[in-house]
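As the structure is a computational prediction, the values presented were derived from the model and not from experiment. Numbered from 1 within each chain, the chains take letters A, B, ... in sequence-line order.
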Protein chains: 2
Amino acid sequence: MSNIKDIAKIAGVSVTTVSRVLNNERYVSDEKRNAVLRAIEITKYQRNLNAVNLSKGKTHLIGVVVPYSNHPYFGLLIEGISIEAIKKNYKLVLFQTDYQKERELEALEMLKHKQIDSLIICSRICSLEVVEAYLEYGPVILCEDTRNTRISSTFVDHYKSFTIALEYIYKKGHRKIGYCIGRSSGTNSLQRNLAYKDFLHKYNLPYHDEQIIKKCSYFEDGERIVNTLIESKNRPTALLVTSDQVAAGILTCCNEKGIVIPEDLAIISFDNQPIAKYMKLTTVEMPIKEMGQKLLHQALLNEQSQTEMSVKLIERQTV
Amino acid sequence: MSNIKDIAKIAGVSVTTVSRVLNNERYVSDEKRNAVLRAIEITKYQRNLNAVNLSKGKTHLIGVVVPYSNHPYFGLLIEGISIEAIKKNYKLVLFQTDYQKERELEALEMLKHKQIDSLIICSRICSLEVVEAYLEYGPVILCEDTRNTRISSTFVDHYKSFTIALEYIYKKGHRKIGYCIGRSSGTNSLQRNLAYKDFLHKYNLPYHDEQIIKKCSYFEDGERIVNTLIESKNRPTALLVTSDQVAAGILTCCNEKGIVIPEDLAIISFDNQPIAKYMKLTTVEMPIKEMGQKLLHQALLNEQSQTEMSVKLIERQTV
DNA sequence: CTGTTAGCGCGTTCAC
DNA sequence: GTGAACGCGCTAACAG
């Protein structure tokens, strides 16, 4: 494989000139530029990006941290990030953490070592302080409300969106409302819990811990949820479900057990992925793909910015 | 940030010695080794991996090409690859091609430019010849039967697995059997089609083109499939479905329309993802995650190897 | 065991 | 407009 020196020799110019045409700089005569272009053509020269990286201290690589890639929410988010990365000629380095802190730190360390230019953490396990400490090495973008920090982010206000769903359910006459959530400890989950409590308080409704069902992430969690519901002595008449997949799983199970939706149980989910339309789920739409795209844009910038994305209630047939 | 020279100076040794302890080589006296270690400690030295890469001509990065990341099959495959990558201290660069040839070529070109050490193509669009041409730049691993080429791969014999399903269905008394498939042009799909034709021929059954339903990849494709079936004048009594997700979608739609499974329509799917158990799908289990792990191992080796993975019929309640 | 030195391939002053 | 020369940080002969 030929290098910049070879090209210079063949074209009868200096390496500097070659570098200039490579980087599309002005101040190169058409004559020499063409000579270089021709040399590149005949040698099928390709520049060594490692060398470029070393020289420039940049990699054109962006890290993406997700807990699981085998999950529709993160799959779509990655898709959004990926679409923009392609446009901007950046590549993605995927980190699958399984919510293990060391894995997330590994990604952060790669930023520090200049192996990636920026890092997008789609779901975080390290503390905000830890993340913030890495900001000096490059952009770190989060997917949660970071408006009280120096960290950039794209997020939806889960307090708001949860409230929208709750109020809607309330207007439909429900007074015993529960919810299903994936990981219960993240910022987003805490926001939702707060919205829930505030809502109950506002309408003077009782809080029952058992009406919050945790570890609900996949379609197949539906059965456990329905069983929990059935055994519950304080069975809710409506359920907020933080993912369409899980809601679809619940629906399927209810169907099998003869629980009629929405008469016996109203369901409102979140995301509005294709499955939601298919299952006729009433859902709160989240612009996941767009969030991914926005995240990438932020990763490329070097300024702090926090972008809230808005949600939209889609009425279908499960409430 | 300090570099290897600084460490050498502080430790009072040469850069080579530093390099040696960095790379855990023998032939360094404990005395000097400790001095170096101490210097690293106090300066919090981190080596610049770009420089290592340039010098060694390696990146510790492995490219992974998928059409979509927002798809359970590829999600799980990526998960498998990722698990092993972490163990071996390799990182993944994700390429989402959307089945566009240029995107796949971009990944191949990155291999050529030494930006990645190897490339795993989970689903291919370029011709085998094109792929083979890149073999000189590094390992390229495929996810299909490549036993008549020089390309390494991990795959399941789809001819075999399709035949298993067909024979099983046949034994259950079905004579009008159709199938649903995603992309119809891949090697894997062609193998399945061949198995299908050979099966029909063996039992002297007629071939109806309309019994092959294409572009079936997602849960929500279920409705279109069921509608196609209903309108079909030669409606099959059994259906092979190349993904659990799609089968689950069909099931859901049938349920709604009062089509009883398996009496009105028998369904056998492939993969045995969690949703299959949940929906009580009879399915042909594919070791997707294990395939991912094996793929990564092959990507690290420099020898040609083709590994067939075996499948297993899981009897549940849809046949 | 240890150090000197020459690359790896490219970007970038800074004179001309 | 152009090019010589140095720097990026590290590895790998080679000599001792």
query = Which residue pairs satisfy the side chain to side chain donor-acceptor pair (under 3.5 Å) criterion with at least one member in residues 61-74 of chain B, sequence neighbours excluded?
reply =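 Passing the test, one end in residues 61-74 of chain B: no pairs.
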inquiry  = If you take any heavy atom closer than 4.0 Å to DNA chain D, which residues from residues 27-35 of chain A end up in contact?
reply    =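 By residue number: A:Y27, A:V28, A:S29, A:K32.
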ask   = Run the side-chain contact (heavy atoms from CB on, under 4.5 Å) check on B:L22 and B:Y45 step by step: do they pass?
value = CA-CA 11 Å; B:L22 249 28; B:Y45 165 76; 3.7 Å; yes
query = Does B:K87 pair with B:E84 as a salt bridge, N-O distance under 4.0 Å?
reply =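 So B:K87 pairs with B:E84 through a salt bridge.
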query = Testing B:L77, B:L94, B:I120 for side chain to side chain contact (heavy atoms under 4.5 Å, CB included) with B:V66, which one passes?
reply =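 Exactly one pass, corresponding to B:L94.
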request  = Describe, as an angle rounded to 10 degrees, how the axis at the first end of the helix from C:dC1-D:dG16 to C:dC16-D:dG1 is tilted relative to the axis at the last end, five pairs per end.
outcome  =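 For the helix from C:dC1-D:dG16 to C:dC16-D:dG1, the axes at opposite ends meet at about 30°.
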inquiry  = Using only atom types and a distance under 3.5 Å, with no angle test, would you say the side chain of A:D98 pairs donor to acceptor with the backbone of A:Q100?
reply    =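 Flag not set: sc A:D98 to bb A:Q100 has no pair under 3.5 Å.
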key: Between C:dT2 (C1') and B:R26 (CZ): distance, integer Å   =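 After rounding, the gap between these two atoms is 16 Å.
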request  = Using a strict cut-off of less than 4.0 Å between a Lys/Arg side-chain nitrogen and an Asp/Glu carboxylate oxygen, indicate whether A:E104 and A:K101 qualify as a salt bridge.
outcome  =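 Not counted as a salt bridge, because no side-chain N and carboxylate O are separated by less than 4.0 Å.
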query = What string of B, S and - do you get for nucleotides 8-16 of chain D, 5' to 3', if B is base contact, S is sugar-phosphate-only contact and - is no contact with any protein heavy atom under 4.0 Å?
reply = BBBSBB---
message = From CG of B:N50 over to C1' of C:dC10, roughly how many Å is that when rounded to an integer?
response =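 Atom CG in B:N50 sits about 12 Å away from atom C1' in C:dC10.
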request  = List for me each residue that meets ring pair (Phe, Tyr, Trp, His ring centres under 6.0 Å) alongside B:Y90, sequence neighbours excluded, and say none if there are none.
outcome  =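 B:Y90: ring pair (Phe, Tyr, Trp, His ring centres under 6.0 Å) contacts with B:H60.
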ask   = Once you round to the nearest 0.5 Å, how far does NE2 of B:H297 lie from OG of B:S152?
value =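 Answer rounded to 0.5 Å: 14.0 Å.
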request  = List the atom of B:V131, the atom of B:C126, and the distance in Å for their closest heavy-atom pair.
outcome  =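 Shortest heavy-atom contact: CG2-CB, 4.4 Å.
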task = Output every pair passing side chain to side chain donor-acceptor pair (under 3.5 Å) with a member in residues 120-142 of chain B, not counting sequence neighbours, ordered by first then second residue.
result =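 Residue pairs with at least one partner in residues 120-142 of chain B: B:Y99-B:S123, B:E109-B:Y134, B:S123-B:R183, B:R124-B:E144, B:R124-B:T187, B:S127-B:E129.
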